[in-house]
There are 2 protein chains.
Amino acid sequence: MQQFHPSNTRGMIEMRCYQLKQWFYVKRPKGIVDREHYELRESDFSPQLSKNEVLIKSEYISVDPYMRIQQAATHSWEPPHPLNTVQGAAVVAKVLESNNSNFQPGDWVTGYTGWQTHAIVHGNEIQTLDPEQADVKTALGILGMPGRTAWFGLMEAGKPKPGETVLVSGAAGAVGSLVTQFAIKAGCRVVAIAGSEEKCEWLKTLGVVEALNYKAFSSAPQLQTKLLELGGIDVYFDNVGGMVSDAALTSLNLRARVVVCGQISQYNGGLDTPEMSPRFLHQLLYKRASVHGILARDFTHRMAEMIEHVAPWVKAGEIQFRTTEVNGFEYLPDTLAGLFEGQNIGKAIVRVV
Amino acid sequence: MQQFHPSNTRGMIEMRCYQLKQWFYVKRPKGIVDREHYELRESDFSPQLSKNEVLIKSEYISVDPYMRIQQAATHSWEPPHPLNTVQGAAVVAKVLESNNSNFQPGDWVTGYTGWQTHAIVHGNEIQTLDPEQADVKTALGILGMPGRTAWFGLMEAGKPKPGETVLVSGAAGAVGSLVTQFAIKAGCRVVAIAGSEEKCEWLKTLGVVEALNYKAFSSAPQLQTKLLELGGIDVYFDNVGGMVSDAALTSLNLRARVVVCGQISQYNGGLDTPEMSPRFLHQLLYKRASVHGILARDFTHRMAEMIEHVAPWVKAGEIQFRTTEVNGFEYLPDTLAGLFEGQNIGKAIVRVV
């Protein structure tokens, strides 16, 4: 996507020199992904921009659970992430130099240039952000991939109807917290599941009818009992899988829709060697329920449609977009590892300092 | 639904007397259902028909896997089948006496009067069958509940497109053999799975691209390998569950549709105490696949629509409707037990002799 030209013209006054930092993915994790699976490489470069190219410097870099799926040994929606390549990621960046009339130095942009401080991209690979319209970080969250996933996953696969009960797992996460708020706006009763009391307290302020800390339940049947007491589930938006899903899939109401958006509890090993779980397909038969796997990329071409619905809510302050920001490019792998321990509330972002 | 009037007028010349046989469901099975869970009761009765009522004598009685679901201890689509009641079932019957101008003695009819030789029903509870149009037994199979299940399950939930690969489990059964043929008519490549060489030989004559005896595969991964070699699965019509589903759910193509119609491998105990199986929801994510639970009763009101499509094929001999007939009312429980051992090819029917 981008190339770094060796500084064979170093010393010429018109060329600036930058210090590039990159996190390379170098070792396939078997269980937990961590710093040992990455390598930080530093180099100097002096960019030579071709026609329409832009040099950007990342200010905010995204850290997302899907990265660990790509590190599984097996084919997911694409082959396993090749070793010795820069970790892919969405970024919010500033234009440093431009050979493209659409971009001026100082402009805010977003693109998919990965875990590196700088990148040279063709103008087609980035989109301009207007900080007057919304905090630029929203491009990594509510007005970016997580927002698109939440919006289309809930509205198109979940098909929520007013008065229905929507269960959201990972409800305090980047996608889950948006699904929670979109479902409330759709007139639904939301039961939110998260992994700490702090997360549950926040979720209650968003207007959920119940916020459940799954760690307070010792088994799926115990959580199932609670879900049935709450009237059962019409839409289950699943970011987590595992025990929470075992409970949810046995608590479905007639014609329930299950949206499988993520399975974060399974990413550290369970994708290659699946955990065992109770069979539940007969439950779908009883309830004439359906389960739908969704992926954000399927809705990329409909980004404008999502933004049309959601941006006015963001501007009006009607939706909370919360971030967990980590300061320091060097903490990218740690921030990724932290996702699987539930360390983030809302969207996890690394600020490049 | 029907009542048997005690023969308090016995001896009057205008009253006929009949010997009624009924199979009562008397004991809840824990594992395999068998004769011990039923009791045969015999009695004499002399019918007194009220206005619009009809006395029918069953000639063919249906035996279906769903009966075992209703015997599970847990709520399925309805509460567990109450003990000490006649086993419900569809029948093909002849009218013996009629107090309803729409029915004459000798007419063939179908209704849902259960495992008993006679029944008094209101005319609204039965439908006339025309033996000139189709073998009356088709009312228990291709032009009855199994046909409706196969047709709407495949066409509406499965949405097969020409050239797609449709995997059918339980493909030699009442529903599976129809799904197989409907899918071929829809222009699909059908991979059929059954439990004996004899069944596979028959399925090959129907035009499937491959007929697999699941008993020849020692594990789900071995069957998965075969399914992937065959190009993966676009539509999986599942009557069986268990190991076959473990293989199928890991062999899905992009945007595959899974139709959960039955889970017969799980009925003898697995509904109350689910078996353990490998988690697969992440596979749905990768493939953006969907799983749909269906139930025949949801399409009852669209019976005419199914018959409009299928009856011409039946009349033209373009679809094979095969039955496994057992002679003798006394063998109803044994025939039900046999379903779970795969003893039937096509629709299992007991002929009342």
Side-chain angles (χ1 to χ4, degrees), chain A residues 66 69-70 72 74-78 153 157 220 228 236 238-243 245-246 248-250 252 254-267 270-299, chain B residues 66 69-70 72 74-78 153 157 220 228 236 238-243 245-246 248-250 252 254-267 270-299:
Chain A
Y66 73 79
I69 298 180
Q70 296 172 324
T74 44
H75 189 107
S76 59
W77 54 81
E78 61 190 15
L228 292 174
Y236 172 39
D238 185 20
N239 296 298
V240 173
M243 180 272 258
S245 286
D246 296 340
L249 291 163
T250 51
L252 301 178
L254 196 64
R255 301 189 203 293
R257 289 81 67 198
V258 177
V259 183
V260 180
C261 172
Q263 295 283 287
I264 197 169
S265 70
Q266 306 301 304
Y267 292 173
L271 304 183
D272 293 331
T273 308
E275 274 183 11
M276 299 297 276
S277 65
R279 294 192 186 281
F280 67 90
L281 291 180
H282 59 285
Q283 297 280 347
L284 302 184
L285 188 70
Y286 300 165
K287 304 300 181 183
R288 288 81 107 188
S290 57
V291 184
H292 307 263
I294 62 143
L295 212 55
R297 62 184 54 201
D298 289 344
F299 302 103
Chain B
Y66 73 78
I69 298 181
Q70 297 173 321
T74 42
H75 190 107
S76 58
W77 54 82
E78 60 189 14
L228 292 174
Y236 172 38
D238 184 19
N239 298 298
V240 172
M243 181 273 260
S245 286
D246 295 341
L249 291 163
T250 51
L252 300 178
L254 195 63
R255 302 191 202 292
R257 288 80 67 199
V258 176
V259 183
V260 180
C261 173
Q263 295 283 286
I264 195 169
S265 72
Q266 306 301 306
Y267 292 174
L271 304 183
D272 292 331
T273 309
E275 273 183 11
M276 299 298 276
S277 64
R279 294 193 186 279
F280 68 91
L281 291 180
H282 58 287
Q283 297 281 346
L284 302 184
L285 189 68
Y286 300 165
K287 304 301 181 182
R288 288 79 107 189
S290 57
V291 184
H292 306 264
I294 60 144
L295 213 54
R297 64 183 54 200
D298 289 343
F299 301 103

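Chain letters run A, B, ... following the sequence lines, proteins first and then strands; every chain starts at 1. Note that these values count all heavy atoms, side chains included, but never hydrogens, waters or copies made by symmetry.
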> B/L281, B/D246, B/V258: which one forms the most heavy-atom pairs within less than 4.5 Å of chain A?
Replying inline: B/L281

> Quick one: what part of B/I69 sits under 4.5 Å from any heavy atom of chain A, side chain, backbone, both or neither?
Replying inline: side chain

>> Between A/L295 and chain B, with a heavy-atom cut-off of 4.5 Å, which part of the residue counts as in contact: side chain, backbone, both or neither?
In response: both

>> Can you list everything that forms a side chain to side chain donor-acceptor pair (under 3.5 Å) with A/Y236? Sequence neighbours excluded, please.
In response: A/D238, A/S245

>> Counting heavy-atom pairs under 4.5 Å with chain A, which one of B/D298, B/I294, B/L284 comes out on top?
In response: B/D298

>> Consider side-chain contact (heavy atoms from CB on, under 4.5 Å). Of B/R279, B/H282, B/Q283, which one does A/L271 pass it with?
In response: B/H282

> When heavy-atom pairs shorter than 4.5 Å are enumerated against chain A, which of B/S277, B/P278, B/G262 gives the highest number?
Replying inline: B/S277

>> I'd like to know which of A/Y267, A/W77, A/F280 tops the heavy-atom pair count under 4.5 Å against chain B.
In response: A/W77

> In terms of heavy-atom pairs under 4.5 Å, which option from A/P274, A/S290, A/S76 contacts chain B the most?
Replying inline: A/S76

> Heavy-atom distance under 4.5 Å to chain A: side chain of B/L249, backbone, both or neither?
Replying inline: side chain

> By a 4.5 Å heavy-atom criterion (distance strictly below it), what part of A/Q266 contacts chain B: side chain, backbone, both, or neither?
Replying inline: side chain

>> Under a 4.5 Å cutoff for heavy-atom pairs, which residue among B/H75, B/E78, B/R255 has the most contacts with chain A?
In response: B/R255

>> I'd like to verify something: which residue of A/G241, A/C261, A/G270 has the highest number of heavy-atom pairs under 4.5 Å with chain B?
In response: A/C261

